Amino acid sequence: MALQLFNTLSGKVEKFHPLEDNLVRMYACGPTVYDYGHIGNFRTFVAVDVLRRFLKQSGYQLKHVMNITDVEDKIIRNAARDGVTVQEYTRKYTDAFLEDSDALNIQHPELLAKATEHIQEMAHFIADLRDKGYAYQTDDGSYYFRIAKFPEYGKLSKKDFEGMTDGARVDVDEYEKDNARDFALWKAPKPGEASWDTEIGPGRPGWHIECSQMSMKYLGDSFDIHCGGEDLIFPHHENEIAQSEALTGKPFVKVWVHSRFLLVEGEKMAKSAGNFFTVRDLVLMGHKPSSIRFLLMSVPYRKQLNFTFDGLTQAANSVERLRNFKRRLETSQFPAGSNPAIVELAERASTEMRTAMEDDLNTARALGAVFDLVRDANAAADNGQVHQDNVPKLLQVLNQFEEIFAVLKDDDAAKVRATVEWAKTEGKADKISAAAAELAKAASLSDEDVEKLVAEHSQARKTRDFARSDAIRNQLADNGIILENTKEGVRWKHK
Ligand code: AMP
Ligand code: ZN
């Protein structure tokens, strides 16, 4: 079997093969850094991360580029409102985006490209389009793409644009499908707006040109995968295809991958509806980054994900169950030897996980496989049927899982603590819930510290030094850690 991906361009699930040998060249539209990222944005970024991680696990070499949109209508408006430069305004939100990505264990792409660092090259791209007759200048010095000259316009969004008035124009960056017009490649300077001097005159780029120019600069005229949320299919990606293919005459991207929008409690997320959450909002409410990541991954990227607080609690329980299983394997005593039934169980889970991911990244099915394994192996361990030599094999399956899902490492407390500290410096201390404060407290002990204390606790009990063992138990409790006495010895977990 090989990876199969749904390609928006063909409208079909296709077997994936890179254009060139073993190298996958992939571009993902990044954030517009005008505010903190919301959980909808991060649904898409986590989906791209899952794809990225699975490609690497499958043995491909990867060159993954992501843009940072740091000049655009909303940014210009907000920077002007706050009386700061575009660069000053966007630096803060670019840093925040990377911090939130780290909190959610989203791997950094091989290259992050900022739009403002490519303005001259974008102007040159537009000059070439003009020389080929695909771009024209208006009286004010702006440039537009002439879509009537690109008959394939609409092939990605499957929209028939015939009958559209030639020369009708739109100059905002985002617009609706029924409003397909010649779109802005370059916007003439306006008072109070950032502007650059270039070979095509002064001004600033429209939103769409940056992704054509930067993706082709770093990945070549034709590359393998282009990702983004479903809202980008039109106009953004349709316009990217028009710009790039008009310039080169070659197919721009082989596979277009789009993730479906996230809903919150069944509704479209909107500030006005009061159901709009950033990653930071949720962490300050006391939710762990690993629960958020888990929930965002639990529904396959092409299915509607309904984000609910119940779902978030269930996600936290699921993560805890997996971590407890891993801890049990690492810290318990098992009888010597190997049980072939457990080997078979582990192999079945491993194959099923891989098959699920090859099936258009069916994360729900992959999770099903790992939870079946946890249930069956836990039951076997309770009956003394898991043996010492089975442990590495079981841990190997968990490792295969972790390479993609990345929720087993227990570093939530430190991340929550960082967010709590950030809230204090931003004057948002009133947003820190008791649950978040409690979680942050646990950050003072690393897993290693806890292991040491647990060992010391067991030793103290053996030597009947109950004063010491109680003191350790209390110290751990203060740090949000509880001890459980089991047949296999003392186990610990987070409260
Ligand atoms: P933006 O910062 O608005 O440019 O968006 C960054 C990414 O988030 C894009 O790929 C969008 O398609 C995606 N996105 C925005 N809102 C949602 C949502 N509610 N659900 C899933 N993805 C979204
Ligand atoms: Zn883009």
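Read the numbers this way: they start at 1 and go in the same order the structure lists the ligands and their atoms. Note that this is a predicted model, so its numbers are computed, not measured.
When heavy-atom distances to ligand 1 are checked against a 4.0 Å cut-off, T32 comes that close through both its backbone and its side chain.
Comment: E320 engages K288 in a salt bridge, judged by a side-chain N to carboxylate O separation of less than 4.0 angstrom. By the 4.0 Å N-to-carboxylate-O rule, D73 lies too far from R77 to be salt-bridged with it. Look at K92 and D82 and you find no salt bridge, because none of the NZ, NE, NH1 or NH2 atoms lies under 4.0 Å from a carboxylate O. Between D372 and R375, at least one side-chain N (NZ, or NE/NH1/NH2) sits under 4.0 Å from a carboxylate O, which counts as a salt bridge. Note on E426 versus R280: no salt bridge recorded, every NZ/NE/NH1/NH2 to OD/OE distance being 4.0 Å or above.
Looking only at protein heavy atoms, the nearest one to atom 9 (C) of ligand 1 is L232 CD1, 3.9 Å. The shortest contact between atom 19 (N) of ligand 1 and any protein heavy atom is with F261 CD2, 3.4 Å.
The shortest N/O to N/O separation between T44 and ligand 1 falls below 3.5 Å. Looking at ligand 1, you'll find an N or O of L262 within less than 3.5 Å of one of its N or O atoms. Considering backbone and side-chain atoms together, F45 places no N or O closer than 3.5 Å to any N or O of ligand 1. For ligand 1, the polar-atom distance check against G40 finds a nitrogen or oxygen pair separated by under 3.5 Å. For ligand 1, the polar-atom distance check finds an N/O of N41 within less than 3.5 Å of one of the ligand's N/O atoms.
None of the N, O or S atoms belonging to H237 lies under 2.8 Å away from the Zn ion (ligand 2). In summary, H208 places no N/O/S atom under 2.8 Å from the Zn ion (ligand 2), failing the contact criterion.
With S58 as the partner, the side chain to side chain donor-acceptor pair (under 3.5 Å) test is satisfied by one option alone out of E358, R53, R354: R354. Put simply, the residue from M357, K303, M353 that forms a side-chain contact (heavy atoms from CB on, under 4.5 Å) with T363 is M357.
Of all atoms in ligand 1, listed by their number and element, those nearer than 4.0 Å to a heavy atom of G228 are 10 (O). Listed by number with element, the atoms of ligand 1 under 4.0 Å from a non-hydrogen atom of H38 are 15 (C), 16 (N), 17 (C). Listed by atom number, the atoms of ligand 1 under 4.0 Å from G229 heavy atoms are 10 (O), 12 (O).
The closest approach between P31 and ligand 1 falls below 4.0 Å for a heavy atom of the residue. Heavy atoms of D231 come nearer than 4.0 angstrom to ligand 1 in at least one pair. Under the 4.0 angstrom criterion for non-hydrogen atoms, H258 is not in contact with ligand 1.
One side chain, D281 or T278, offers a donor N or O that lies under 3.5 Å from an acceptor on the other.
Here H236 contributes NE2 and C29 contributes SG, and at the Zn ion (ligand 2) these two atoms make an angle of 120°, given to 10°.
Under the side chain to side chain donor-acceptor pair (under 3.5 Å) criterion, Q61 pairs with no residue at all, not counting sequence neighbours.
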*Start with the C-alpha gap between L322 and F371, add the side-chain angles, then the distance that decides, and say whether side chain to side chain contact (heavy atoms under 4.5 Å, CB included) holds.*
CA-CA 8 Å; L322 292 166; F371 281 106; 3.7 Å; yes
*asked:* Pair F309, F277 - check ring pair (Phe, Tyr, Trp, His ring centres under 6.0 Å), show working.
replied: CA-CA 11 Å; F309 284 93; F277 300 104; 5.3 Å; yes
